[in-house]
Each structure stands twice: as C-alpha cells, then as structure tokens.
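Structure first, commentary second.
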Amino acid sequence: MDENARAPLLVVRHLNIGFGGKAAVHEVSLTVAPGEVLGLVGESGSGKSVTSLAVMGLLPPQATITGTIEFAGTDLLSLSESQLRSYRGSKIAMIFQEPMTALNPVMRVGDQIAEAVLAHSAKPSRHAAWQAAVDAMKEVSIPEPERRARSHPHELSGGMRQRIMIAMALVNRPQLLIADEPTTALDVTVQAQILDLLRELRQRLRLSMLFISHDMGVISQLADRVAVMYAGQIVEMGPVQDVFARPCHGYTRGLLGAIPSLRTDRTQPLRTVDSTALRLDSGELKEIFPGHWARIA
C-alpha cells in the first residue's frame, strides 16, 4: 500500500469556532482514515454538530473559525463558496437527524434525489438523473423504488424518509459521509435497521464516516474509533474497544455508566452524568495507552 493510501482522508487541526465572542468549539483535532468510521459522541451543546457543519462549510456568516480542515489534502477553509459547493454532495455528504425538516415537503422524493445528481453532473439529463435516483433508492433497500420515487415525504414512514436521505447523500458516491444523529428520531427497531444499512453500505462502498451521536450504545455498534466531546473540547479519543473497556475521563465514564443493560436495576432511576463534578481540563490530550488519548490532569 502506498503512502497516499494510508494518509487520512479528513484531518481537522486546532479547530476553534465562536459565536458573538463565545467559544463553541475549542482546539478540536481529529482524523478520519479511508474506510474508517469515527464516532463523535457527547451531550447536546457539546459542539458535535457545529464541528460537522464546519467541515461542510455550512456555518452561518457570524461564526468565527480558526484552524485547518483538510479533505484529501485540500484545506477546505481556504476554498471559495463556489469551490466548496463542488465538494458538498459529491465528495462529502451529510445526513441529518430529522429528515422531515431536511426534505422539501412539496417535491417528490425521487425529484429531490435527482436534483442532487443534476447539481454535480457535467451533462445533466433529467431522465438519467431520475434513473440514478431510483437506483439509489433500490440500493438503500426501499421496496418498489419506482413507485416510491413518486411519493412526497409525508407519504413515507420515518425510517423510509431516513433511507431517502441516505440515498440522496450517497447517490454521487462521496468519499466521506457525515451522519448527524441519523437514528435518534426513530424507534428502536427502525434504528437497528438503519444502522445495519449503514454498516452494509460502508463495506460495499468503502465509505469513510463521521458518525455523530449522544448514544454510546449506537457508537459501539458502528464506529472503529470514538472521540468524546464535552463543553466544546475532545476529552477522550481512541479505539472503541479500548475506550469502552478503560475510560479515562470522568465524562466518558459517566456516559458509559448511563447505558442501561440487562443487569440494570429497573426499580432505580437510570444513572446520569454529574456535570457539576467535572471540570474542563486544560492542556493537550495525553496518550494514556497506545492510540488512546485523554485530557486528564
């Protein structure tokens, strides 16, 4: 394997994001290798989604951002808006938590997927784009894709709408998929089906993924490595098995302790993370075990 094949696909270094003088993300550094799934986990407001929007170049104009975000060796923060558009949807794609707010309610879902094809096609053909949309729906296991392509979002179930979002994201064969809490709004059975689908697509398409969640249980099922965010910082990062077996930061231990299991006493309330007992540690992440980093005093 040559050196370029081993190089990370996505490299984020010393990323800082602020709004109106208030820091939302502080000194975040992470990498995603080709074919790897990195789980980014933390509570609401920890900076996960803001980090992903920075990668996509979708932060609002009032955001201040410093650091570097490199995709396949190109610094995305140095690109113009038109240059960024050529990356979004074709090289980097994103799926969101609630597809009903991301999909256009008055357009047929097949047309919406076809629009994604036309946006990145050198010689647009509506017929070819429609056929690509139907093929993408078939790829994400939507039954009767030719008929379903003519449906509007409200005519589909929540799980089906999320499959439409995945089809739209992958129709142009991006190298990196950013999934922002894609299973949170779904019931447990449908959530398992979507996770199985993402696992299968990852293997078949050799897809790299930044998978964002607040649920350590979901991360354990899909990710190779996990980065734990707390108050805008990454406080722990390493292989999923290592972080789950030997959590070093108090916040990570709290998240893992809050996961219910078959041994959980159902007569007692679920454990919660006591944020008052945590403090924001300064300094660099330290390598506690090989490949396992934590921000601890």
Side-chain angles (χ1 to χ4, degrees), residues 6-12 15 28-44 46-49 51-52 55 94-95 97 166 175-184 186 188 191-264 270-271 273 278 281 284-296:
R6 292 194 298 269
L9 181 65
L10 177 70
V11 179
V12 177
L15 181 66
V28 163
S29 296
L30 55 84
T31 62
V32 180
E36 179 186 38
V37 177
L38 174 67
L40 189 58
V41 66
E43 63 194 29
S44 297
S46 61
K48 309 183 305 297
S49 295
T51 299
S52 68
V55 174
M94 190 168 183
I95 55 177
Q97 175 177 342
I166 295 170
Q175 295 167 271
L176 176 66
L177 176 66
I178 299 175
D180 189 359
E181 306 255 18
T183 61
T184 300
L186 306 174
V188 175
Q191 180 182 100
Q193 292 170 355
I194 295 297
L195 289 175
D196 285 343
L197 173 64
L198 289 172
R199 266 193 297 267
E200 190 267 326
L201 290 171
R202 172 207 179 177
Q203 294 296 328
R204 180 146 49 89
L205 304 179
R206 303 189 62 174
L207 192 63
S208 300
M209 204 179 303
L210 179 60
F211 190 94
I212 298 166
S213 180
H214 65 274
D215 188 333
M216 291 291 266
V218 169
I219 292 292
S220 71
Q221 296 179 54
L222 193 67
D224 302 302
R225 289 187 304 124
V226 59
V228 181
M229 285 194 79
Y230 174 66
Q233 288 186 335
I234 290 179
V235 296
E236 189 159 358
M237 180 162 50
V240 165
Q241 309 94 301
D242 292 354
V243 173
F244 274 57
R246 299 181 291 191
C248 297
H249 194 274
Y251 183 65
T252 310
R253 289 194 292 270
L255 286 177
L256 290 171
I259 300 175
S261 71
L262 292 175
R263 298 188 197 91
T264 301
L270 285 174
R271 288 174 59 184
V273 180
L278 299 174
D281 297 296
E284 299 291 324
L285 286 165
K286 299 174 184 176
E287 191 170 20
I288 311 300
F289 304 105
H292 183 171
W293 300 72
R295 196 184 299 273
I296 56 178

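Because only heavy atoms are used, hydrogens play no part in the values below, and waters and symmetry mates are left out as well, while side chains stay in.
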Note to self: For Q97, is there any backbone N or O sitting under 3.5 Å from a side-chain donor or acceptor partner on D180?
What the structure shows: no
Margin query: Looking at G35, is its backbone amide N or carbonyl O close enough to the side chain of S208 to form a donor-acceptor pair, meaning the two atoms are under 3.5 Å apart?
Written below: yes
Check: Is there a side-chain contact between R225 and T31, using heavy atoms and a 4.5 Å cut-off?
Finding: yes
Checklist line | Pairwise side-chain contact, H214 with T184, heavy-atom cut-off 4.5 Å (strictly under) | finding: yes
Checklist line | For P290 against D242, the heavy-atom pair lying closest together | finding: O-OD2, 4.4 Å
Item checked: Residue pair L38 / L10, side-chain heavy-atom distance below 4.5 Å -> no
Item checked: Spacing of I288 atom CD1 and R246 atom CZ [to the nearest 0.5 Å] -> 10.5 Å
Checklist line | Interatomic distance, I95 atom CD1 to I166 atom CD1 [nearest 0.5 angstrom] | finding: 4.5 Å
Note to self: In the structure I gave you, are the side-chain heavy atoms of V32 and L9 within less than 4.5 Å of one another anywhere?
What the structure shows: no
Checklist line | Evaluation steps, side chain to side chain contact (heavy atoms under 4.5 Å, CB included), between L222 and M209 | finding: CA-CA 10 Å; L222 193 67; M209 204 179 303; 4.0 Å; yes
Notebook entry, point to check: Can you check whether E43's main-chain N or O pairs, donor with acceptor, with K48's side chain at less than 3.5 Å?
Noted result: yes
Item checked: Exercise: identify the closest heavy-atom pair between G39 and A223 -> N-CB, 3.7 Å
Next item on the list: Verify the neighbour count for atom CZ of R204: are there more than 12 heavy atoms of other residues, nucleotides or ligands below 6.0 Å?
Entry: yes
Check: When rounded to the nearest 0.5 angstrom, what is the spacing between NE2 in H249 and CD in Q233?
Finding: 8.0 Å
Checklist line | Interatomic spacing from CG in L40 to CZ in F211 - rounded to 0.5 Å | finding: 11.0 Å
Checklist line | Side-chain touch Q193/L186, heavy atoms, less than 4.5 angstrom | finding: no
Next item on the list: State the OG-CD distance between S52 and E181, to the nearest 0.5 angstrom.
Entry: 10.0 Å
Notebook entry, point to check: Would you say the side chain of L255 lies within less than 4.5 Å of the side chain of Y230, judging by non-hydrogen atoms?
Noted result: no
Next item on the list: Apply side chain to side chain contact (heavy atoms under 4.5 Å, CB included) to L177 and L198, showing your working.
Entry: CA-CA 10 Å; L177 176 66; L198 289 172; 4.2 Å; yes
Notebook entry, point to check: Taking C-beta and beyond as the side chain, do Y251 and V228 meet within less than 4.5 Å on heavy atoms?
Noted result: yes
Next item on the list: May I ask you to decide if T252's main-chain N or O and E236's side chain share a donor-acceptor pair within less than 3.5 Å?
Entry: no
Notebook entry, point to check: Does V218 reach the side chain of V41, with side-chain heavy atoms less than 4.5 Å apart?
Noted result: no
Notebook entry, point to check: When you look at L15 and L30, which way does the side chain to side chain contact (heavy atoms under 4.5 Å, CB included) test go after all the steps?
Noted result: CA-CA 9 Å; L15 181 66; L30 55 84; over 6 Å; no
Check: Once you round to the nearest 0.5 Å, how far does CD1 of I234 lie from CG of L285?
Finding: 7.0 Å
